[in-house]
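In each ligand, atom 1 is the first atom listed, and ligand 1 is the first ligand listed. Nothing here was measured: the structure is a model prediction, and the numbers come from that model.
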Amino acid sequence: MMTLSSKLAAIVGPAGCVSVEDSAPYLQDRRGRFEGKALCIVRPSSTQEVARVVTACVEAGVSIVPQGGNTGLVTGSVTDTTGEQVLLSLSRMNIVREVDPLNFTMTVEAGCILQDLQTAAENVDRLLPLSLAAQGSCQIGGNLSTNAGGVQVLRYGNARDLVLGLEVVLADGRIWNGLRALRKDNTGYDLKQCFLGAEGTLGIITAAVLKLFPRPVDPACAMVAVASPEAATKLLTRLQGATGGLVSTFEYMNGECVRGAVEAMDGNRNPLSDYYPHTALIEIGATGEASMRALETTLESAFEDGSITDAVVAQNETQRQALWRIRESIPEAQGRLGAGIKHDVSVAVSRVPELLARGSELLNELVPEGIVMAFGHMGDGNLHFNLNQPGSMPRDAFMSHAGRVNRAMHDLVMSMDGSFSAEHGIGTIKRDDLERYAEPVELGMMRALKQALDPMGTLNPQVMLPPKSD
Ligand SMILES: Cc1cc2nc3c(=O)[nH]c(=O)nc-3n(C[C@H](O)[C@H](O)[C@H](O)COP(=O)(O)OP(=O)(O)OC[C@H]3O[C@@H](n4cnc5c(N)ncnc54)[C@H](O)[C@@H]3O)c2cc1C
């Protein structure tokens with residue numbers, strides 16, 4: 001009798017099998033916290049092959065972990081340690097099936113690398129606005145399954161807002177072709193929403209129709225030192241008013257983040273004349289001189305009333321990229337500076353100043369020697385509110401605080417009607433938090449969805465939903 005591994009190998013062919021020697025990158029979690037084992041790793045090249053793999057696994061009673069670029073930050077894309085799960089990588093499904101510039105859409109396979117899709121859109125003078133620091137390796141299927149955010153949510157929304165249609169292999173192996181490229185379609189439940197942000201627990205996304213936008217030429221970009229977080233949120237409001245809502249990026253960085261990005265990374269220099277407690281990277285994605293004028297006029301008046309104390313406006317693309325590099329290199333700089341206790345939290349934009357004040361006080365109280373490094377998508381109310389290891393404390397001693405620090409920060413944001421996981425998802429590492437903070441009614445509806453779409457628990461059984469306690 002054929003084993004499951006040989007059945008799957010026959011389905012995907014030699015090019016779709018990953019040998020044991022090449023398996024390490026697939027089994028290692030991005031942050032190096034976890035290493036899984038797998039019965040086998042397969043890379044199907046078509047939707048039909050994905051469906052056949054799923055069917056074979058269902059028949060054998062074996063569960064599957066779908067994997068995109070494996071850049072997720074909540075350990076959801078790696079098989080567990082039993083060696084009994086199949087890892088299904090979408091990386092060979094990387095064809096752009098259609099670009100329709102008149103409809104402002106593109107139809108793409110799940111394994112396409114995000115950056116390649118941005119380029120494909122640019123080639124027809126369109127913008128695919130989803131943008132994040134992992135874009136050179138994450139895949140669109142992973143982005144949609146985590147409902148990724150990134151640096152342009154303020155203007156264009158999260159990944160789910162960029163989707164018109166989906167193709168999904170269901171947990172029983174059936175293929176759902178929902179690849180509609182329609183702006184209006186009220187024919188029953190919006191089924192695609194079940195799979196967006198579902199982290200591979202309800203179906204395997206194999207293709208999507210994405211929305212495109214007019215491509216801004218010469219976006220206006222600046223880095224400013226704001227007098228306070230309150231002044232930052234007011235500045236955002238003023239900029240939105242001055243541009244008719246065209247601000248695409250409003251990223252916050254505290255002083256330690258800018259200093260870290262400059263001192264720990266080669267090639268970065270501080271564009272401002274000093275390190276300030278509160279800095280923002282701003283971009284207005286309109287075209288040409290109008291956006292630059294709106295930015296400069298608003299910044300001038302903010303200078304006059306003391307809301308900002310220093311600013312640099314990029315005069316060309318090279319300067320713009322240098323400003324962006326500071327923001328983009330913060331996560332790597334943090335890693336180089338020491339271990340980090342990390343949070344991905346959100347509150348209403350109007351409450352971000354309160355979160356910064358209360359969160360910093362809390363972190364200082366819990367680990368007085370720790371270095372507060374807070375940065376992120378202030379325009380979306382989402383901060384990566386991290387605490388970094390001080391030079392004076394060994395790594396293990398510092399990380400021994402992680403549990404209680406995470407708990408206290410999550411308690412704080414939940415008490416402010418916020419979210420303990422704004423854009424990274426639940427994966428395996430935030431399952432307990434979901435159980436702690438989700439309303440029983442919410443958890444019940446989530447379980448009902450899982451039961452309806454994956455009654456055998458074939459897809460990503462260890463991800464997102466905590467096992468039932470009864
Ligand atoms: C440097 C860096 C910066 C980042 N910045 C951001 C950011 O700004 N915003 C943000 O939101 N995230 C960010 N992330 C997190 C991560 O990049 C995103 O979550 C990304 O969307 C994951 O895509 P992926 O292809 O790597 O998915 P993976 O990590 O491979 O998978 C993520 C989850 O989706 C499931 N999955 C993957 N593909 C499919 C599929 N086709 N069908 C069904 N399920 C699937 C997996 O099982 C897993 O549960 C960052 C990560 C890094 C390393």
Is [X] in contact with ligand 1, taking contact as a heavy-atom separation below 4.0 Å?
X: Gly203; value: yes
X: Asn70; value: yes
X: Gly150; value: yes

Determine whether the side chain, the backbone, both or neither of His377 has a heavy atom under 4.0 Å from any heavy atom of ligand 1. side chain

for atom 40 (C) of ligand 1, nearest protein heavy atom and its distance come out as Ser145 OG, 3.6 Å

Atom 1 (C) of ligand 1 sits nearest the protein heavy atom Ala133 CB, 4.0 Å

Which ligand 1 atoms does [X] reach within 4.0 Å, using its non-hydrogen atoms?
X: Arg30; result: 53 (C)
X: Ala134; result: 2 (C), 3 (C), 17 (O), 51 (C), 52 (C)
X: Glu199; result: 35 (C), 47 (O), 49 (O)
X: Cys138; result: 23 (O), 24 (P), 25 (O), 26 (O)
X: Gly200; result: 43 (C), 44 (N)
X: Ile204; result: 42 (N), 43 (C)
X: Gly141; result: 38 (N), 39 (C), 40 (C), 41 (N)

Measure from [atom] to every heavy atom in [options] and give the option owning the shortest one.
atom: atom 20 (C) of ligand 1; options: Leu90, Asn143, Val153; result: Asn143
atom: atom 51 (C) of ligand 1; options: Thr79, Leu202, Val169, Thr71; result: Thr71
atom: atom 38 (N) of ligand 1; options: Gly142, Gly335, Ser89; result: Gly142
atom: atom 32 (C) of ligand 1; options: Thr146, Val151, Ile426; result: Thr146

Do His424 and His343 have ring centroids that are under 6.0 Å from one another? no

For residues Phe213 and Phe104, establish whether the separation of their ring centroids is below 6.0 Å. no

Review item, side-chain donor-acceptor pairs of residues 9-19, under 3.5 Å, at least two apart:
| unit_1 | atom_1 | unit_2 | atom_2 | d |
| --- | --- | --- | --- | --- |
| Ser19 | OG | Asp22 | N | 3.4 |
| Ser19 | OG | Asp22 | OD2 | 3.3 |

What residues, two or more places apart in sequence or in another chain, satisfy side-chain contact (heavy atoms from CB on, under 4.5 Å) together with Val58? Val54, Met456, Thr458

How about Asp29 and Thr75: does a side-chain donor come under 3.5 Å of a side-chain acceptor? yes

Any salt bridge linking [X] with [Y]? Criterion: basic side-chain nitrogen under 4.0 Å from a carboxylate oxygen.
X: Arg126; Y: Glu122; result: no
X: Glu317; Y: Arg320; result: yes
X: Glu167; Y: Arg180; result: no
X: Lys192; Y: Asp190; result: yes
X: Asp411; Y: Arg407; result: yes
X: Glu354; Y: Arg358; result: yes

Look only at interatomic distance and state if [X] has a nitrogen or oxygen under 3.5 Å from any nitrogen or oxygen of ligand 1.
X: Asn147; value: no
X: Ala110; value: no
X: Gly68; value: yes

